**Student:** 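Take a look at this one; I'll ask things after.
Values below: every heavy atom of this structure, side chains too, minus hydrogens, waters and symmetry copies. Whatever order the structure lists ligands and atoms in, that order sets their numbers, starting from 1. What you are looking at is a predicted structure, and each value in this text was computed from that prediction instead of being measured. Counting from 1, the numbers follow the sequence of the chain as shown.
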Amino acid sequence: MTALLSDSRDALYRPVSRIMRRDQWERLYAEDIEAIQRLKQQCNAVILAHNYQTPEIFHCVADIRGDSLALARAAQNVRADVIVIAGVHFMAETAKLLNPDKTVLIPDAAAGCSLAEGITERDVLSLKQANPGVPVVTYVNSSAAVKAQSDICCTSGNARKVVESLGVPRVIMIPDEFLARNIEAETGIEMITWPAHCEVHERFTPQEIRQYRRVHPGVKVMAHPECPPSVLAEADCAGSTAQMSHYIKEHNPQKILLVTECSMSDNLAAEFPETEFVRPCNLCAHMKRITLPTIRHALETMQTQVDIPQDIAANARRAVERMLAV
Ligand code: 13P
Ligand code: SF4
């Protein structure tokens with residue numbers, strides 16, 4: 001190996017050096033990581049990675065990392081010609097809405113989301129008919145067609161702010177019933193909800209959290225607002241995945257339990273060696289469809305490109321841009 005190659009390999013490995021053995025990283029990931037770095041340059045591409053991506057993606061090939069809100073904000077300012085979304089399909093649609101003239105790639109088109117699949121455009125129309133004049137706030141975890149029927153979007157990071165910005169006593173908040181109930185409890189604004197759930201966060205239980213507290217006295221518990229309200233009631237605080245990272249950066253807790261998807265703690269453990277992560281994680285099989293080989297293949301073939309019909313895109317973009325302006 002030349003000195004140059006070994007220096008750049010060192011730099012690529014460094015961010016995961018606290019959580020992965022070098023020989024394992026070399027054997028499983030190094031070749032794909034280097035190929036992806038080359039392809040990004042050749043294609044003038046950037047990779048946007050969600051916090052639930054595995055560490056070898058999140059720390060070794062991503063250019064922009066964050067929660068759904070941060071990725072949507074970043075997508076507004078991307079200069080590259082090609083955007084690869086290391087995340088799920090609705091995130092790629094959001095990036096395409098904000099960059100209609102760029103090529104947006106999702107490395108596995110089957111990377112869906114139980115929330116996005118839990119409601120259709122027709123469901124939204126029925127809710128609007130049954131509740132005339134009530135504004136529709138749609139979680140970004142939804143299809144472009146559903147967003148197009150909405151007044152404004154929100155993410156878990158800005159849901160409270162978005163809902164309060166409307167200045168009304170009652171909103172239709174879809175599709176995540178638990179997020180809506182949790183925001184209702186925080187704001188006192190009445191929510192008309194829809195019975196869709198995140199298949200990852202709905203599995204956590206209050207009993208499980210109490211058991212972790214017994215085994216780890218003094219542990220700080222932070223839960224994602226997609227969890228059931230009964231789980232949030234057991235937590236010390238709640239927040240989006242970015243708010244979880246900020247909390248650790250600001251407070252340096254000795255021991256923390258993040259009630260969310262597995263890779264969240266893995267990625268933070270690489271950055272915060274002083275904090276012990278208790279991990280009652282549940283895995284998102286959709287997020288895990290994205291791998292180094294599928295990202296490499298996407299860049300080699302320029303597949304799968306995300307496209308949104310123009311009539312849907314215009315209204316969906318309006319709802320996303322309205323959120324970003326709040
Ligand atoms: P945030 O990253 O916005 O907190 O969302 C979590 C999630 O489940 C995304 O699919
Ligand atoms: Fe959807 Fe839940 Fe997976 Fe996020 S974690 S993509 S909300 S199923």
**Student:** Quick one: does ligand 1 sit under 4.0 Å from the side chain of T260, the backbone, both or neither, non-hydrogen atoms only?
**Tutor:**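 No part of T260 comes within reach of ligand 1.
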**Student:** Among protein heavy atoms, which lies nearest atom 7 (S) of ligand 2, and at what distance?
**Tutor:**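 Ranked first by proximity to atom 7 (S) of ligand 2 is N141 ND2, 3.2 Å.
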**Student:** Which one holds for E261 and ligand 1: side chain close, backbone close, both close, or neither close, with close meaning a heavy atom under 4.0 Å?
**Tutor:**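 Answer for E261: neither.
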**Student:** Is the closest side-chain heavy-atom distance between L127 and I192 below 4.5 Å?
**Tutor:**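 Heavy-atom side-chain distance check passes, below 4.5 Å.
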**Student:** I'd like to check whether H224 has a polar contact with ligand 1, where a contact means an N/O of the residue lying under 3.5 Å from an N/O of the ligand.
**Tutor:**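 Among all N and O atoms of H224, at least one is under 3.5 Å from an N or O of ligand 1.
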**Student:** If the cut-off is 4.0 Å to any non-hydrogen atom of L115, which atoms of ligand 2 fall inside it?
**Tutor:**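 What qualifies from ligand 2 is 7 (S).
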**Student:** Between L39 and Q42, does the side chain to side chain contact (heavy atoms under 4.5 Å, CB included) criterion hold? Intermediate values first, please.
**Tutor:** CA-CA 5 Å; L39 285 159; Q42 281 163 19; 3.8 Å; yes
**Student:** Does ligand 1 have any atom that is closer than 4.0 Å to a heavy atom of Q243?
**Tutor:**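 No.
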**Student:** Is the closest side-chain donor-acceptor distance between D67 and S240 under 3.5 Å?
**Tutor:**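 Yes.
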**Student:** Below 4.0 Å from ligand 1: does a non-hydrogen atom of M244 turn up there or not?
**Tutor:**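 Flag not set, M244 not near ligand 1.
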**Student:** For V61 and K40, work out which heavy atoms get closest and say how close.
**Tutor:**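 In terms of heavy atoms, the two residues are closest at O-NZ, 2.7 Å.
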**Student:** Is a salt bridge present between E208 and R203, judged by a nitrogen-to-oxygen distance below 4.0 Å?
**Tutor:**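 Salt bridge flag = no for R203 with E208.
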**Student:** To the nearest 0.1 Å, how far is atom 3 (Fe) of ligand 2 from its closest protein heavy atom, and which atom is that?
**Tutor:**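 Atom 3 (Fe) of ligand 2 sits closest to the protein heavy atom C284 SG, 2.4 Å.
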**Student:** Return the closest protein heavy atom for atom 1 (Fe) of ligand 2 as residue, atom name and distance.
**Tutor:**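 Protein heavy atom at minimum distance: C113 SG, 2.4 Å.
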**Student:** Looking just at side-chain N and O atoms, do T138 and S150 make a donor-acceptor pair shorter than 3.5 Å?
**Tutor:**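 T138 vs S150: donor-acceptor pair found between side chains.
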**Student:** Looking only at the side chains, is there a donor atom on one of Q76 and R73 sitting less than 3.5 Å from an acceptor on the other?
**Tutor:**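 Side chains of Q76 and R73: no pair found under 3.5 Å.
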**Student:** Looking at R213 and D236, is any side-chain nitrogen of the basic one under 4.0 Å from a carboxylate oxygen of the acidic one?
**Tutor:**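 Yes, this pair counts.
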**Student:** As an exercise, identify every atom of ligand 1 less than 4.0 angstrom from a heavy atom of S240.
**Tutor:**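 This gives 4 (O) as the contact atoms.
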**Student:** Closer than 4.0 Å to some heavy atom of S114 - which atoms of ligand 2 meet that?
**Tutor:**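 Listed by number with element, the hits are 8 (S).
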**Student:** Are any of the N or O atoms of T155 closer than 3.5 Å to those of ligand 1?
**Tutor:**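 It does not: no N or O of T155 is found under 3.5 Å from an N or O of ligand 1.
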**Student:** Please determine whether C198 has a backbone or side-chain N, O or S atom lying under 2.8 Å from atom 2 (Fe) of ligand 2.
**Tutor:**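 So C198 counts as coordinating atom 2 (Fe) of ligand 2, yes.
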**Student:** Looking at ligand 2, would E226 count as a contact under a 4.0 Å heavy-atom criterion?
**Tutor:**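 The answer is yes: ligand 2 sits under 4.0 Å from a heavy atom of E226.
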**Student:** Any donor-acceptor pair under 3.5 Å linking the side-chain atoms of Y139 with those of S68?
**Tutor:**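 S68 vs Y139: no donor-acceptor pair found between side chains.
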**Student:** Would one find an N or O of S156, backbone or side chain, under 3.5 Å from an N or O of ligand 1?
**Tutor:**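 Looking only at distances, the answer is yes, because the N/O contact criterion of under 3.5 Å is met.
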**Student:** Relative to the heavy atoms of Y52, which atoms of ligand 2 are at a distance of less than 4.0 Å?
**Tutor:**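 In order of numbering, the contacting atoms are 5 (S).
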**Student:** Just which atoms of ligand 1 are under 4.0 Å from any heavy atom in D67?
**Tutor:**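 Atoms satisfying the 4.0 Å criterion: 1 (P), 2 (O), 3 (O).
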**Student:** Taking N or O atoms only and a 3.5 Å limit, does N51 qualify as a polar contact for ligand 1?
**Tutor:**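 Between N51 and ligand 1, no N or O pair is found under 3.5 Å apart.
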**Student:** Regarding K96 and E93, does a basic nitrogen lie under 4.0 Å from an acidic carboxylate oxygen?
**Tutor:**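 No salt bridge links K96 with E93.
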**Student:** Checking side-chain polar atoms at under 3.5 Å, does D123 have a donor or acceptor matched by the opposite partner on S126?
**Tutor:**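 There is no such pair between these side chains.
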**Student:** Please report whether ligand 1 has a polar contact with E226, defined as an N or O pair separated by less than 3.5 Å (distance criterion only).
**Tutor:**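 Looking only at distances, the answer is yes, because the N/O contact criterion of under 3.5 Å is met.
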**Student:** Does a side-chain N-to-carboxylate-O contact under 4.0 Å join D10 and R22?
**Tutor:**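 Result for this pair is yes, salt bridge flagged.
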**Student:** Can you report which non-hydrogen protein atom sits closest to atom 3 (O) of ligand 1, along with the distance?
**Tutor:**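 For atom 3 (O) of ligand 1, the nearest protein heavy atom comes out as S68 OG, 2.9 Å.
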**Student:** Starting from atom 10 (O) of ligand 1, find the nearest protein heavy-atom neighbour and note its residue, name and distance.
**Tutor:**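 Its nearest protein heavy-atom neighbour is N141 ND2, 3.4 Å.
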**Student:** By number and element, which atoms of ligand 1 are closer than 4.0 Å to a non-hydrogen atom of M91?
**Tutor:**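 Taking each heavy atom of M91 in turn, ligand 1 has 9 (C), 10 (O) under 4.0 Å.
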**Student:** Taking C262 and C281, which are both Cys, do their SG atoms fall under 2.5 Å of each other?
**Tutor:**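 Bridged: C262 to C281.
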